[in-house]
Amino acid sequence: MKKYVTRRVFMGLLTIFVVFTINFIIIRLAPGDPISTIMGKDNDDPILRTALEEKYGFDKPMITQYAIYLKNALTGDLGISIIYNKEVMAMITERIVPTLLLVLTAAILAVIIGTLMGMYAAKNEGSKIDVIFSGAAYIFNSMPAFWLGLILIIIFSSVLGLLPSYGMINTRDAHTGFDYILDVIVHMVLPVCTLVLVEIPIYFRIAKSSILQVTNEDFIVTLRATGMSERKIFNKYILRNAILPTITIFGISLAYLITGVALIETVFAWPGTGSLMLTAINQRDYPTLMGIYLIMSISVAVVMVLVDIVYATFDPRIRF
Amino acid sequence: MNQLLEIKDFSVTYVNKSKKVYAVKNVNLKINKGDSLGIVGESGSGKSTLAMALLRLLPEKNTQITGKANFIGKDLVQLNQKELKNIRWNELAVVFQKSMNALSPVHRIGPQIEDIYRVHKPNASKEEIFSRITYLLRLVNLSERVYTLYPHELSGGMLQRVSIAISLVHNPKLLIMDEATTALDVVTQGQILDEIVKMEQTLDVTRIMITHDISVVAASCNKIAVMYAGEFMEIGYVKDVLKNPKHPYTRGLLSSFPSLKGEKLKLTGISGYLPNLSVKQEGCIFAPRCQQATEKCKQEKPLGVEMNENTVWCHLYSSGGELINEDQKPVYKD
Ligand SMILES: Nc1ncnc2c1ncn2[C@@H]1O[C@H](COP(=O)(O)OP(=O)(O)OP(=O)(O)O)[C@@H](O)[C@H]1O
Ligand code: SF4
Ligand SMILES: [Mg+2]
């Protein structure tokens with residue numbers, strides 16, 4: 001087990017490094033030029049251009065830029081944003097917390113609710129509730145998340161006026177202490193619901209099909225033949241075996257959420273890394289963009305390693 | 001009373017959406033206490049189906065079971081879930097054909113057996129359970145080490161032995177072994193068969209042994225039932241049937257195996273295939289493949305003919321049990 005964990009962590013670090021390098025190259029190769037963005041469309045002053053290029057290090061050869069960037073990144077210095085003129089690291093740290101808050105809350109709620117629904121549907125396969133669950137899963141799964149978010153805003157904010165539709169706190173009426181937490185929770189309801197609703201079908205389906213499949217395994221027949229009660233068979237043997245795919249899917253889908261949540265953050269004006277990333281893309285803000293990608297790839301790698309370790313503790317066949 | 005299991009007019013039909021498969025048809029069988037019955041027959045003849053139906057382990061949704069199966073005074077076909085639960089493993093245990101997958105892959109072997117032990121002895125102490133399980137593991141030639149291992153850490157043969165050990169946990173009165181020794185090498189198989197036979201005598205276990213391997217039957221059973229396409233062709237004492245098979249199918253089946261004593265024999269086998277089990281066939285089920293078939297065979301189902309405690313379902317034998325036509329001596333004795 002120790003060896004397995006070490007190897008997984010090492011693989012994770014390697015992944016981050018590779019992603020880091022590829023990012024560097026791709027961003028430099030992409031069309032568009034940040035200096036032109038800063039200078040403005042019609043300005044073509046060669047002196048200003050040289051000065052700016054020098055300031056941001058674009059005058060040096062690519063390989064030197066890479067070496068400098070790598071060295072700085074290792075010390076936590078991701079450079080200075082071309083657009084905001086702020087430390088990239090500071091900007092990201094400020095914004096990663098809201099993103100993680102949103103993503104983790106949604107992922108955990110979705111895996112719990114979806115799996116419970118899947119368990120229920122598998123136990124009562126073919127029942128009315130199973131049919132309703134499966135139908136709903138189908139519908140929500142085919143809905144684009146941002147569109148669902150807009151619909152929720154229309155219903156719960158615009159029409160019913162129940163919930164705030166943007167931001168993380170009420171800026172006009174700042175709270176402290178417990179009220180602050182409550183305020184954040186209220187603001188989280190709609191974006192979290194959006195993410196949960198589109199994520200539930202994934203967990204629902206995987207739990208249901210996995211339980212049904214395990215139920216037909218030979219060892220379940222053995223246990224039945226011994227006279228063991230269906231309840232014990234389900235709670236101890238079926239669940240423990242059926243949960244494995246859910247763990248894998250949780251990892252994949254959490255990683256996907258970390259990177260894919262940008263659109264939802266934009267819809268709800270959520271102050272996370274997502275909206276920062278979209279601005280950075282539009283403005284060719286290389287340092288910011290690379291910083292965000294780096295942080296995201298680190299988050300994804302950490303999630304994957306953790307999930308793999310959790311999986312290994314659940315499935316003895318993995319450890320070697 | 002000496003009789004442990006009596007199957008009467010027992011039929012099992014798989015009902016799928018589009019068709020029915022008559023996997024076991026009106027079979028009759030008696031097993032006495034202390035017997036060991038080998039059921040042989042080619043693949044697909046319904047041996048496992050018969051066993052699974054007796055254990056009531058086939059999904060009720062798509063199987064029909066009719067007839068009677070009297071097991072120590074109770075009809076297995078009619079038992080409700082609670083009665084079934086009491087009988088299972090206490091009195092009627094099984095070693096499944098696919099013992100590779102007979103255990104949960106994510107639980108250690110020992111604790112799984114503990115759970116099975118507790119099904120019928122919920123208050124057993126840890127030491128009692130442990131000593132029972134290690135005793136059984138030793139019985140099947142496995143070390144105690146297996147207790148803490150996971151199923152994937154064992155070989156196929158070791159898993160089969162674990163399955164055999166598990167089946168004995170509660171000293172069942174009737175033990176059904178479905179291809180339980182196929183994954184074992186000849187030496188281990190021999191050892192385990194010996195152990196099983198010995199244990200049966202001390203523990204009073206009756207056994208049904210389903211197998212393709214007639215040498216297993218010869219080594220460990222006193223009776224044999226030959227099954228073909230869901231019906232019994234011949235049932236009798238091993239010593240009689242193997243030495244002097246009456247039914248043309250039994251003869252064919254025996255001649256498909258090399259001689260038990262190592263004599264050189266021509267392997268004639270049986271040409272053709274199992275009939276389609278989703279249509280009910282008139283007459284003898286074996287007629288399409290039988291070289292001795294007559295018009296009568298194609299129209300009338302043969303009734304069981306009893307000949308000194310053995311039964312044959314074939315028109316070749318008159319009610320007295322004499323071979324009607326002397327030309328039709330067993331083909332394999334050339
Ligand atoms: N669930 C099912 N639905 C329909 N037909 C089935 C089903 N299970 C088995 N059968 C059919 O029933 C017949 C008997 O199968 P069974 O498994 O009892 O054979 P068997 O004698 O045990 O064969 P083997 O020696 O290969 O284990 C086969 O023709 C098979 O195709
Ligand atoms: S009854 Fe006829 S067809 Fe059937 S086995 Fe006997 S001889 Fe052959
Ligand atoms: Mg079988």
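- Proximity to chain A is absent for every atom of B:Ala93, based on heavy atoms less than 4.5 angstrom apart.
- Contact of B:Val106 with chain A is made through backbone and side chain together, with heavy-atom distances under 4.5 Å.
- Minimum interatomic distance between B:Pro105 and A:Phe219 (heavy atoms only, all atoms of both residues): CD-CE2, 3.6 Å.
- Across B:Gln112 and A:Tyr237, no two heavy atoms sit closer than the pair CA-OH, 3.5 Å.
- In this structure, B:Tyr150 OH and A:Asp315 CG are separated by 9.0 Å, a value rounded to the nearest 0.5 Å.
- In this structure, OG1 in A:Thr222 is found 9.0 Å from CG in B:Leu57, a value given to the nearest 0.5 Å.
- Using a 4.5 Å cut-off between heavy atoms, B:His120 touches chain A through its side chain atoms alone.
- Between the CZ atom in B:Arg56 and the CZ atom in A:Arg224 there is a gap of 13.0 Å [rounded to 0.5 Å].
- Heavy-atom neighbours of A:Lys236 NZ from other residues, nucleotides or ligands within 6.0 Å: above the threshold of 12.
- In terms of heavy atoms, B:Phe96 sits closest to A:Ala225 at CZ-CB, 3.9 Å.
- Among B:Val119, B:Ile116, B:Asp115, the single residue meeting the side-chain contact (heavy atoms from CB on, under 4.5 Å) criterion with A:Leu223 is B:Ile116.
- The CE atom of A:Met228 sits 12.5 Å away from the CZ atom of B:Arg88 when rounded to the nearest 0.5 Å.
- Looking at A:Lys232, only its side chain comes within 4.5 Å of chain B, counting heavy atoms on both sides.
- Other residues, nucleotides and ligands contribute over 12 non-hydrogen atoms within 6.0 Å of the OH atom of B:Tyr14.
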